[in-house]
Amino acid sequence: MMAEAAADRPAHEAVAAYKRMLAAIIERRPSGTRQRLAGALAKNRSFVSQITNPAYQTPIPASHLTQIFEICHFSAAERHEFTRLYALAHPKKMLAQEPRATSAVDLPDLGDAERNRKLHGLVSAFVRDIARLIDDQGEKGKRR
């Protein structure tokens, strides 16, 4: 019944629903989660504020979902519900998304929170750039 009610909502209400969920999840996480998320997405904290504020209709880019799930430590149930809400708000984006393989990279502890954050941001940006290069290559239909 809840899914039916959500499906009847206008798109802006569906966007607000998944943003409220993300904001609630981040609030339950340790302090610094917003900053870590901003670093992993290579964005400013203001971007994280926009994507977690239901008043802003700026959608969360589908390409950021995997990183959001990882950085915010979504449970399987949270991931399922968020994905359901996201699909209600952006059905075409979800259809275009193909499942991606994910893996974790263990980084060394550099003994300083700021240096650890910088290292995480650098590695995350590097991996995102590689993924974009692969995606761009795949979209052109060329293979090596």
Side-chain angles (χ1 to χ4, degrees), residues 1-140:
M1 180 177 326
M2 192 172 161
E4 291 171 6
D8 293 336
R9 294 180 194 161
H12 69 277
E13 288 182 30
V15 171
Y18 73 72
K19 286 186 171 201
R20 277 191 297 274
M21 182 178 181
L22 177 58
I25 288 171
I26 289 177
E27 285 299 315
R28 294 191 307 264
R29 301 303 181 252
S31 68
T33 299
R34 286 177 184 270
Q35 186 63 46
R36 282 191 300 281
L37 184 56
L41 298 175
K43 303 287 185 184
N44 294 322
R45 267 190 64 148
S46 63
F47 176 79
V48 175
S49 294
Q50 286 182 352
I51 66 170
T52 58
N53 187 335
Y56 290 113
Q57 287 304 300
T58 304
I60 297 175
S63 61
H64 292 335
L65 295 182
T66 301
Q67 289 177 296
I68 290 170
F69 295 155
E70 289 175 12
I71 298 295
C72 298
H73 302 287
F74 274 56
S75 69
E78 289 168 334
R79 181 183 282 221
H80 176 76
E81 179 62 10
F82 185 90
T83 303
R84 186 187 69 76
L85 292 171
Y86 191 91
L88 288 172
H90 313 293
K92 291 180 182 175
K93 287 185 182 182
M94 292 308 290
L95 292 175
Q97 282 290 83
E98 293 180 19
R100 294 178 178 232
T102 60
S103 60
V105 176
D106 291 325
L107 299 175
D109 184 351
L110 301 178
D112 175 41
E114 180 64 18
R115 290 181 69 212
N116 286 342
R117 187 190 65 73
K118 286 181 180 177
L119 177 61
H120 184 271
L122 288 169
V123 172
S124 296
F126 178 68
V127 171
R128 270 192 312 279
D129 288 346
I130 291 172
R132 281 189 202 115
L133 179 66
I134 291 168
D135 285 346
D136 290 346
Q137 191 68 18
E139 289 174 9
K140 292 178 183 174

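The basis for the numbers below is simple: all heavy atoms, side chains too, and nothing from hydrogens, waters or symmetry mates.
- With values rounded to the nearest 0.5 angstrom, Ile68 atom CD1 is found 4.0 Å from Ile51 atom CD1.
- Within 6.0 Å of NE2 in His120 there are 12 or fewer heavy atoms belonging to other residues, nucleotides or ligands.
- Atoms OG1 and CD1, on Thr33 and Ile25 in that order, are 11.5 Å from each other to the nearest 0.5 Å.
- Between Tyr18 and His90, the closest heavy-atom pair is OH-NE2, 2.7 Å.
- The distance from the OG1 atom of Thr66 to the CZ atom of Arg79 is 6.5 Å, given to the nearest 0.5 Å.
- Minimum interatomic distance between Met21 and Glu78 (heavy atoms only, all atoms of both residues): CE-O, 3.1 Å.
- Checking side-chain atoms of Lys43 against main-chain N and O of Leu37 turns up no donor-acceptor pair under 3.5 Å.
- Put simply, NE2 on His73 and CZ on Arg29 are 7.5 Å apart, with the number rounded to the nearest 0.5 Å.
- Here the straight-line distance linking atom CG of Leu122 with atom CZ of Arg117 works out to 9.5 Å at 0.5 Å rounding.
- Between Leu22 and Phe82, the closest heavy-atom pair is CB-CE1, 4.0 Å.
- Listed here is the closest heavy atom pair of Leu88 and Pro91: O-CD, 3.8 Å.
- Ser124 approaches Gln67 most closely through the heavy-atom pair CB-NE2, 4.4 Å.
- A pairwise comparison of heavy atoms in Asn116 and Pro108 identifies OD1-O, 3.9 Å as the closest pair.
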Side chains of residues 52-61: which donor-acceptor partners sit under 3.5 Å, not counting sequence neighbours?
residue : atom : partner : partner atom : Å
Thr52   : OG1  : Arg34   : NH1          : 3.1
Thr52   : OG1  : Val48   : O            : 2.9
Thr52   : OG1  : Ser49   : O            : 3.3
Asn53   : OD1  : Ala55   : N            : 2.8

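- Residues satisfying the side-chain hydrogen bond (donor to acceptor under 3.5 Å, both in side chains) criterion with Asn44, sequence neighbours excluded, are absent altogether.
- Here CG of Leu110 is found 11.0 Å from NZ of Lys118. Values are rounded to the nearest 0.5 Å.
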